[in-house]
K.L.:
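Let me give you the structure first, and then I'll get to my questions.
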There are 2 protein chains.
Amino acid sequence: MDRFTQLCKNHGLKITPQRAAVYAALKNSKEHPSADQIHKQLLHSFPNISLDTVNRTLITFARIQIIDVVEGQGDPRRFDPNREDHHHFYCLSCNTIFDFHDPDLEQLPLPEEITRTCTITGKRLCLTGYCEDCRQHKQKHQPINFCKPY
Amino acid sequence: MDRFTQLCKNHGLKITPQRAAVYAALKNSKEHPSADQIHKQLLHSFPNISLDTVNRTLITFARIQIIDVVEGQGDPRRFDPNREDHHHFYCLSCNTIFDFHDPDLEQLPLPEEITRTCTITGKRLCLTGYCEDCRQHKQKHQPINFCKPY
DNA sequence: TTGACAAATAGGTATTAATCCTATTTAATA
DNA sequence: TATTAAATAGGATTAATACCTATTTGTCAA
Ligand SMILES: [Mn+2]
Ligand SMILES: [Mn+2]
Ligand SMILES: [Zn+2]
Ligand SMILES: [Zn+2]
């Protein structure tokens, strides 16, 4: 029994070809695709698959915590196959999201004011800026400001 | 000349009553409101102000870096009047965004792999979970997962 | 293996955020 | 006060996402 079958069984989800395809498409993705991108990709192998099914399936996967939703700035929701502890650099010019790891940050204790009063379920450092490829072209775009330059 | 007038002049923006109102409404807000929320609030004093004007104005302010856009998970874009270095706790149940500060984090150097290759313009730690008021009611909602529980 | 049934899907519709369009108004400047 | 470019209102459009429902399909137990 493969990993996907196992996960579905554990959560009482039926194993359908569409679900398996969505799972495989996202897990094989190195980017952080939107529902629409996954849908377009799957149309080749499933000419009738609906966007609703793709979106619903991704949200189902996120709810049972086998994938993540990526934080963004008001643009279409994007998904993350990578559930390891990691952080994101978001390029304001080409919209690519790069993963990176930071063991020091993992270790950093959070302010007591938060940990005492709230239940924390997620933690991520979000960097924004311009990736290597886009640095030079920075002035061509005028992205909406995300947060203060640091 | 007040602060708002100064900022507009510096950036060649005309000083209009609508702009001043949007600026004041956001700057006085302790929350992280959406364009729609600001618009609804301003309708009391400006019965004809359009949502487009409010949204456009907020985006203009973000571009000239006098306000920020808040990272989210695919929901309506929200704005932040607070441009100090700070971080966010996002309640998955009531959608409130709480500010917090963390001097240790400010000091933490970023991975060299990122700083070498990219231009970083923003840095923010994004925590998700359930706020003090919502902890008990956690099971009532089934929010889309943001990222791995840590 | 088959039948019953709940779950999932396709495809259409509705909703909502955000943007675009354009005639009109208005702030800035001389 | 007249000129002019910028800004606005309000309607239209687009795009993401959610909703609705008839039909199909996976699951499970007989
Ligand atoms: Mn990632
Ligand atoms: Mn804030
Ligand atoms: Zn880039
Ligand atoms: Zn809450």
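These numbers come from a predicted model, not from an experiment.
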K.L.:
Atom CZ of B/F46 and atom P of C/dT26: how far apart are they, to the nearest Å?
P.N.:
12 Å

K.L.:
What are the two closest heavy atoms between B/N95 and B/R78, and how far apart are they?
P.N.:
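Here B/N95 and B/R78 meet closest at O-NH1, 2.7 Å.
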
K.L.:
Using whole Å, what does the distance between atom P of nucleotide C/dT9 and atom NE2 of A/H39 come to?
P.N.:
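The answer, rounded to whole Å, is 12 Å.
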
K.L.:
With sequence neighbours left out, write down each residue that passes ring-ring contact (aromatic ring centres under 6.0 Å, His included) with A/F89, or none if nothing qualifies.
P.N.:
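Applying ring-ring contact (aromatic ring centres under 6.0 Å, His included) to A/F89 gives none.
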
K.L.:
Find the distance A/F61:CZ to C/dA8:P and express it as a whole number of Å.
P.N.:
11 Å

K.L.:
Take atom CD1 of B/I49 and atom P of C/dT25, then tell me their distance rounded to the nearest Å.
P.N.:
18 Å

K.L.:
Checking B/D68 against B/N82 for the side-chain contact (heavy atoms from CB on, under 4.5 Å) test, could you report, in this order, the C-alpha distance in whole Å, the side-chain angles of both residues, the deciding distance, and whether it holds?
P.N.:
CA-CA 7 Å; B/D68 284 330; B/N82 180 3; over 6 Å; no

K.L.:
What does A/D52 touch in the nucleic acid at a heavy-atom separation under 4.0 angstrom: a base, only the sugar-phosphate, or nothing?
P.N.:
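Answer is base: heavy atoms of A/D52 come under 4.0 Å of a base.
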
K.L.:
Within the structure, does a side-chain N or O atom of B/S50 lie under 4.0 Å from either OP1 or OP2 of D/dT8?
P.N.:
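No.
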
K.L.:
Quick one, which residues of residues 2-20 of chain A touch DNA chain C with a heavy atom under 4.0 Å?
P.N.:
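A/L13, A/K14, A/T16, A/Q18, A/R19 - these, ordered by number, are the residues of the stretch whose heavy atoms sit under 4.0 Å from the strand.
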
K.L.:
Regarding A/I59, tell me which of base, sugar-phosphate or nothing describes its non-hydrogen contacts under 4.0 Å with the strands shown.
P.N.:
sugar-phosphate

K.L.:
Rounded off to whole Å, could you give me the CG-to-P distance for the A/L42 and C/dA10 pair?
P.N.:
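Rounding to the nearest Å, CG of A/L42 and P of C/dA10 are 10 Å apart.
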
K.L.:
Is there a side-chain polar atom (N or O) of A/R56 under 4.0 Å from OP1 or OP2 of D/dA18?
P.N.:
no

K.L.:
To the nearest Å, give me how far apart CG (A/L58) and C1' (C/dT9) are.
P.N.:
15 Å

K.L.:
Round to a whole Å and report the spacing from CG of B/N55 to P of C/dA17.
P.N.:
11 Å

K.L.:
Whole angstroms only, please: what is the CG-C1' distance between A/L51 and D/dA16?
P.N.:
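Those two atoms, CG and C1', are 8 Å apart.
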
K.L.:
Between atom CG of A/L110 and atom NE2 of B/H87, what is the distance when rounded to the nearest 0.5 Å?
P.N.:
10.5 Å

K.L.:
May I ask you to check whether over 12 heavy atoms, not counting those of A/K40, lie within 6.0 Å of atom NZ?
P.N.:
no

K.L.:
Check whether any side-chain N or O of B/R77 sits under 4.0 Å from OP1 or OP2 of C/dA17, and answer yes or no.
P.N.:
no

K.L.:
Check every atom of C/dA18, D/dA16, C/dA10 against the side chain of B/P76 and return the nucleotide holding the closest atom.
P.N.:
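When the side chain of B/P76 is considered, C/dA18 is the closest of C/dA18, D/dA16, C/dA10.
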
K.L.:
Can you give me the closest heavy-atom contact between A/V69 and A/A62, atom names plus distance?
P.N.:
CG2-CB, 4.0 Å

